[in-house]
Trainee: 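Let me give you the structure first, and then I'll get to my questions.
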Amino acid sequence: MTVTAGALREQVWDDLLARRACAYPLPPHGHCPNFTHARKAAAQLLAHPDVTALHTLIVGPERALLPLRQQALKAGKTLFVPHQKKEGWYWRVTDPAGAKLSALSAHGEATPTPAGAQAAVLACVAADHHGARLGKGFGWGARGLHLDLPEFTLAHPLMLRPALPCPADSHVTLIGTPDRVITPPAHLPGGTNRP
């Protein structure tokens with residue numbers, strides 16, 4: 001029996017809620033969930049050698065990515081965060097005070113392109129060990145960015161599957177979890193890229 005993307009999202013949201021593994025906004029349904037220990041997952045991802053070398057990232061506006069935005073800005077990285085009111089535009093931010101969406105207009109600069117971005121961090125609802133990522137199904141970055149940049153995500157263990165039972169929205173090269181960073185086999189030396 002094939003599990004649809006919608007059914008998988010419902011499973012993940014229900015599991016996170018039942019195990020009290022998510023925080024505001026609640027319930028997590030309809031969102032890329034703000035899972036518990038997102039701060040640890042962000043720290044794991046930012047400490048990965050493939051990420052520490054980067055100085056400019058695109059980071060999604062989701063609540064689960066707030067700790068990553070905070071930590072990246074404190075580490076001196078430049079971030080591009082999607083503009084909530086101008087489709088296709090970004091806020092360029094370098095000040096840690098601009099990590100929260102409500103502070104972007106005061107601490108960021110609106111720009112039509114993420115010039116100089118080296119990678120992107122997108123939130124997810126589910127991911128698998130092959131790098132398949134499933135978002136909430138709509139909104140910014142729902143189907144990946146298609147900017148020819150590496151894409152990363154953060155996930156709680158309850159959001160991970162050995163393999164997604166449905167088509168992915170996009171594929172990521174790194175998955176930050178509270179305990180480690182998962183590098184999908186296709187992105188290890190000698191690996192083969194999946195579609």
Trainee: Check for a donor-acceptor pair, side chain of Thr153 on one end and backbone N or O of Leu122 on the other, with a separation under 3.5 Å.
Mentor: yes

Trainee: Check whether any side-chain heavy atom of Val121 sits under 4.5 Å from a side-chain heavy atom of Ile58, and report yes or no.
Mentor: no

Trainee: Does any non-hydrogen side-chain atom of Gln84 lie less than 4.5 Å from one of Leu104?
Mentor: no

Trainee: Any non-hydrogen side-chain atom of Thr173 less than 4.5 Å from a side-chain atom of Pro184?
Mentor: no

Trainee: So does Gly176 get a backbone contact from the side chain of Gln44, meaning a donor-acceptor N/O pair under 3.5 Å?
Mentor: no

Trainee: Run the side chain to side chain contact (heavy atoms under 4.5 Å, CB included) test on His37 and Thr177 for me, step by step, so that the C-alpha distance in whole Å, both residues' side-chain angles and the decisive distance to 0.1 Å come before the verdict.
Mentor: CA-CA 8 Å; His37 305 299; Thr177 74; over 6 Å; no

Trainee: Which other residues belong to the hydrophobic cluster containing Leu17, where Ile, Leu, Val, Met, Phe, Trp and Tyr are joined when side-chain heavy atoms lie under 4.5 Å apart, directly or via other members?
Mentor: Leu26

Trainee: Please go through Phe138's hydrophobic cluster and name the other residues, only I, L, V, M, F, W, Y counting, with side-chain heavy atoms under 4.5 Å joining them.
Mentor: none

Trainee: Rounded to the nearest 0.5 Å, what separates atom CE in Met159 from atom NE2 in His156?
Mentor: 9.0 Å

Trainee: Quick check: do Gln70 and Leu66 have side-chain heavy atoms less than 4.5 Å from each other?
Mentor: yes

Trainee: Could you grab the distance from atom CZ of Phe152 to atom CD1 of Ile182, nearest 0.5 Å is fine?
Mentor: 14.5 Å

Trainee: Do you know which two heavy atoms are closest between Leu149 and Ala117, and how far apart they sit?
Mentor: CD2-O, 3.3 Å

Trainee: Looking only at non-hydrogen atoms, find the nearest pair between Arg63 and Pro67 and report the distance.
Mentor: O-CD, 3.8 Å

Trainee: Just wondering, do Leu68 and Val59 contact through their side chains at under 4.5 Å, heavy atoms?
Mentor: yes

Trainee: Counting only N and O atoms by type, is there a donor-acceptor contact under 3.5 Å from the side chain of Gln118 to the main-chain atoms of Leu57?
Mentor: no

Trainee: Is the closest side-chain heavy-atom distance between Val181 and Asp50 below 4.5 Å?
Mentor: no

Trainee: How about Leu174 and Leu45: do any of their side-chain heavy atoms sit closer than 4.5 Å?
Mentor: yes

Trainee: Evaluate the criterion side chain to side chain contact (heavy atoms under 4.5 Å, CB included) for residue pair Arg69 and Leu79; output intermediate values, then yes/no.
Mentor: CA-CA 8 Å; Arg69 293 192 300 270; Leu79 301 186; 3.9 Å; yes

Trainee: Can you tell me if Arg133 uses its side chain to pair, donor with acceptor, with the backbone of Ala123 under 3.5 Å?
Mentor: yes

Trainee: Rounded to the nearest 0.5 Å, what separates atom CG in Leu101 from atom CD in Glu62?
Mentor: 9.0 Å

Trainee: Checking the side chain of Lys136 only, and the main-chain atoms of Cys124 only, is there a donor and an acceptor separated by less than 3.5 Å?
Mentor: no

Trainee: One pair to check against side chain to side chain contact (heavy atoms under 4.5 Å, CB included): Leu164 and Leu8. What are the steps and the verdict?
Mentor: CA-CA 8 Å; Leu164 290 187; Leu8 177 59; 3.7 Å; yes

Trainee: Between Ala126 and Val12, which heavy-atom pair has the shortest distance, and what is it?
Mentor: CB-CG2, 4.1 Å

Trainee: Can you pull the side chain to side chain donor-acceptor pair (under 3.5 Å) pairs that have at least one residue in residues 13-36, sequence neighbours excluded?
Mentor: Asp14-His29

Trainee: Restricting to salt bridge (Lys or Arg N to Asp or Glu O under 4.0 Å), what partner residues turn up for Arg9, sequence neighbours left out?
Mentor: Asp169

Trainee: Quick one: are Thr4 and Cys166 in side-chain contact, heavy atoms under 4.5 Å?
Mentor: no

Trainee: Could you measure the distance from the CD atom of Gln11 to the CG atom of Leu158? Nearest 0.5 Å is fine.
Mentor: 12.0 Å

Trainee: Give the table of side-chain donor-acceptor pairs shorter than 3.5 Å for residues 86-95, with sequence neighbours excluded, one pair per line with atom names and distance.
Mentor:
residue : atom : partner : partner atom : Å
Asp95   : OD1  : Ala97   : N            : 2.8
Asp95   : OD2  : His107  : ND1          : 3.4

Trainee: Between CD of Glu109 and OG1 of Thr78, what distance do you get to the nearest 0.5 Å?
Mentor: 10.5 Å

Trainee: Can you give me the closest heavy-atom contact between Thr56 and Gly116, atom names plus distance?
Mentor: CB-O, 3.4 Å

Trainee: In chain order, what residues pass the side chain to side chain contact (heavy atoms under 4.5 Å, CB included) check against Ala163, with sequence neighbours excluded?
Mentor: Asp128, His130

Trainee: Look only at the side chain of Glu151 and the backbone of Leu145, and say whether a donor-acceptor pair between them is shorter than 3.5 Å.
Mentor: yes

Trainee: What's the spacing between Arg180 CZ and Ile175 CD1 if we round to 0.5 Å?
Mentor: 9.0 Å

